[in-house]
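These numbers come from a predicted model, not from an experiment.
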Amino acid sequence: MSTNTSRERVLARIRRALSDVPRHERPGDHPVPRDYLLTHGERTPQESVTLLAENLTDYRATVHRTDAARLPALLAELLDRRGHRRAVVPHGLPQGWLAQTSVELVPDSPSLTPRELDAVDCVVTGCALAIAETGTLVLDAGPGQGRRCITLVPDHHLCVVRTADQIVDSVPQALRRLDPSRPLTWISGPSATSDIELERVEGVHGPRDLEVILVDGDPQALTPPA
């Protein structure tokens with residue numbers, strides 16, 4: 001069957017399905033009821049943090065817990081532990097986060113090519129929010145998150161999540177807080193696929209390693225030492 005024929009068949013089915021819809025009708029004229037449960041059960045904020053950590057771990061991400069004051073030391077330790085020499089950092093990442101590391105910090109720039117991004121050891125970002133029930137991080141290219149490519153090309157992604165205000169329980173709750181016009185990247189564990197002979201292979205569509213740091217307190221307030 002030719003591509004043209006397939007396309008015409010699909011369009012014909014759509015036309016038939018819409019044949020009884022008045023021409024003046026618009027999608028917003030008939031709101032869709034969204035009276036389903038927003039979350040699966042009730043949790044305290046601390047229980048949501050615990051569930052997020054469990055689901056991230058289940059997806060083979062590595063999870064760390066710390067407070068804002070100890071965040072710079074932990075990031076320095078994690079970078080040093082892997083022997084990293086260079087890390088790409090997005091615009092707006094608080095300078096205090098990486099104040100204790102000796103790795104070369106490569107500022108994100110549209111001029112960075114995929115080959116140049118592939119040559120750095122890792123990327124350090126924040127996030128827009130995290131979803132406890134699905135173990136998902138969402139980035140929207142806001143300050144401290146950068147362009148989508150910097151979290152897809154380097155082989156190691158370190159992502160910082162504020163436990164006080166960035167964790168929601170469910171996808172419906174997340175959608176209420178996210179701006180659909182922004183470039184949203186949804187991350188559930190390291191990149192992986194089992195397309196070939198059901199063998200899990202990591203690092204296919206993005207980082208091979210994902211480390212998530214759940215931070216109590218306000219790391220945004222951290223400033224580099226004078």
Side-chain angles (χ1 to χ4, degrees), residues 52 56 61-130 136-167 178-179 182-191 202-203 205-226:
L52 173 64
L56 284 167
T62 303
V63 180
H64 308 275
R65 295 290 305 270
T66 189
D67 57 31
R70 287 192 284 262
L71 176 61
L74 177 58
L75 281 169
E77 177 189 339
L78 296 177
L79 293 170
D80 183 63
R81 184 183 300 170
R82 290 174 177 259
H84 288 339
R85 298 186 302 275
R86 305 173 73 226
V88 63
V89 292
H91 175 72
L93 191 82
Q95 294 182 1
W97 287 13
L98 295 169
Q100 297 185 30
T101 182
S102 59
V103 303
E104 177 189 350
L105 304 181
V106 181
D108 178 30
S109 165
S111 64
L112 284 175
T113 65
R115 184 180 295 274
E116 289 171 325
L117 285 173
D118 191 45
V120 300
D121 298 302
C122 70
V123 58
V124 181
T125 75
C127 69
L129 52 79
T136 303
L137 308 175
V138 185
L139 280 64
D140 67 0
Q145 300 170 60
R147 299 173 299 149
R148 178 175 288 145
C149 63
I150 70 171
T151 59
L152 296 179
V153 179
D155 209 36
H156 180 205
H157 182 188
L158 281 158
C159 185
V160 176
V161 181
R162 300 192 305 268
T163 61
D165 63 337
Q166 288 191 317
I167 298 176
L178 294 168
D179 180 351
R182 298 191 64 81
L184 302 176
T185 303
W186 299 63
I187 302 169
S188 295
S191 168
E202 296 180 348
H205 312 295
R208 194 183 314 271
D209 294 303
L210 173 65
E211 292 196 73
V212 181
I213 304 175
L214 305 178
V215 183
D216 299 327
D218 183 13
Q220 300 295 102
L222 289 173
T223 56

For [X] against [Y], the heavy-atom pair lying closest together:
X: Gly96; Y: Pro72; result: O-CG, 3.3 Å
X: Val123; Y: Thr151; result: CG1-CA, 4.2 Å
X: Asp218; Y: Arg162; result: OD1-CD, 4.2 Å
X: Leu78; Y: Ile213; result: CD1-CD1, 3.8 Å
X: Ala141; Y: Pro183; result: CB-CG, 3.6 Å
X: Leu139; Y: Gln145; result: CA-OE1, 3.1 Å

(message) Has Thr163 got a side-chain atom pairing as donor or acceptor with Val215's backbone, closer than 3.5 angstrom?
(response)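 A pair under 3.5 Å: yes.
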
(request) Would you confirm whether Arg148, through its side chain, and Leu184, through its main-chain N or O, come within 3.5 Å as a donor-acceptor pair? (result)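 Side chain of Arg148 to backbone of Leu184: a pair is present.
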
Note, [X] side chain near [Y] side chain (heavy atom, < 4.5 Å):
X: Leu112; Y: Val106; value: yes
X: Val124; Y: Leu93; value: yes
X: Leu158; Y: Thr125; value: no
X: Asp209; Y: Arg82; value: yes
X: Glu77; Y: Leu75; value: no
X: Leu178; Y: Leu129; value: yes
X: Cys127; Y: Cys159; value: yes
X: Val138; Y: Thr185; value: no

(request) I would like to know whether Thr136 and Ile187 meet side-chain contact (heavy atoms from CB on, under 4.5 Å); could you show each step before the answer? (result) CA-CA 5 Å; Thr136 303; Ile187 302 169; 5.7 Å; no

Give, for atom [atom1] of [X] and atom [atom2] of [Y], the distance between the pair rounded to the nearest 0.5 Å.
X: Cys122; Y: Leu79; atom1: SG; atom2: CG; result: 5.0 Å
X: Gln95; Y: Leu105; atom1: CD; atom2: CG; result: 9.5 Å
X: Leu74; Y: Arg65; atom1: CG; atom2: CZ; result: 12.0 Å
X: Leu56; Y: Ser188; atom1: CG; atom2: OG; result: 8.0 Å

(message) I'd like to know whether CZ of Arg85 has more than 12 heavy-atom contacts from other residues, nucleotides or ligands below 6.0 angstrom.
(response)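 It does not: Arg85 CZ has 12 such atoms or fewer within range.
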
(message) Can you confirm whether more than 12 heavy atoms, excluding those of Arg70, are under 6.0 Å from its CZ atom?
(response)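 Open.
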
(request) Output all residues satisfying side-chain contact (heavy atoms from CB on, under 4.5 Å) with Asp179, sequence neighbours left out; order by chain, then residue number. (result)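 Once residues adjacent in sequence are excluded, the partners of Asp179 under the side-chain contact (heavy atoms from CB on, under 4.5 Å) criterion are Ser181, Arg182.
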
(message) Is there a salt bridge (charged side-chain N to carboxylate O under 4.0 Å, His left out) between Asp155 and Arg208? Walk through the geometry before answering.
(response) CA-CA 5 Å; Asp155 209 36; Arg208 194 183 314 271; 3.1 Å; yes

(request) Starting from the C-alpha separation in whole Å, work towards a yes-or-no answer on side-chain contact (heavy atoms from CB on, under 4.5 Å) for Leu214 and Thr66. (result) CA-CA 6 Å; Leu214 305 178; Thr66 189; over 6 Å; no

(request) Compute whether any side-chain donor of one residue and acceptor of the other, for Glu211 and His157, lie under 3.5 angstrom apart. (result)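 There is no such pair between these side chains.
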
(message) With salt bridge (Lys or Arg N to Asp or Glu O under 4.0 Å) as the rule and sequence neighbours excluded, what pairs involving residues 107-117 come up?
(response)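 Found Asp108-Arg147.
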
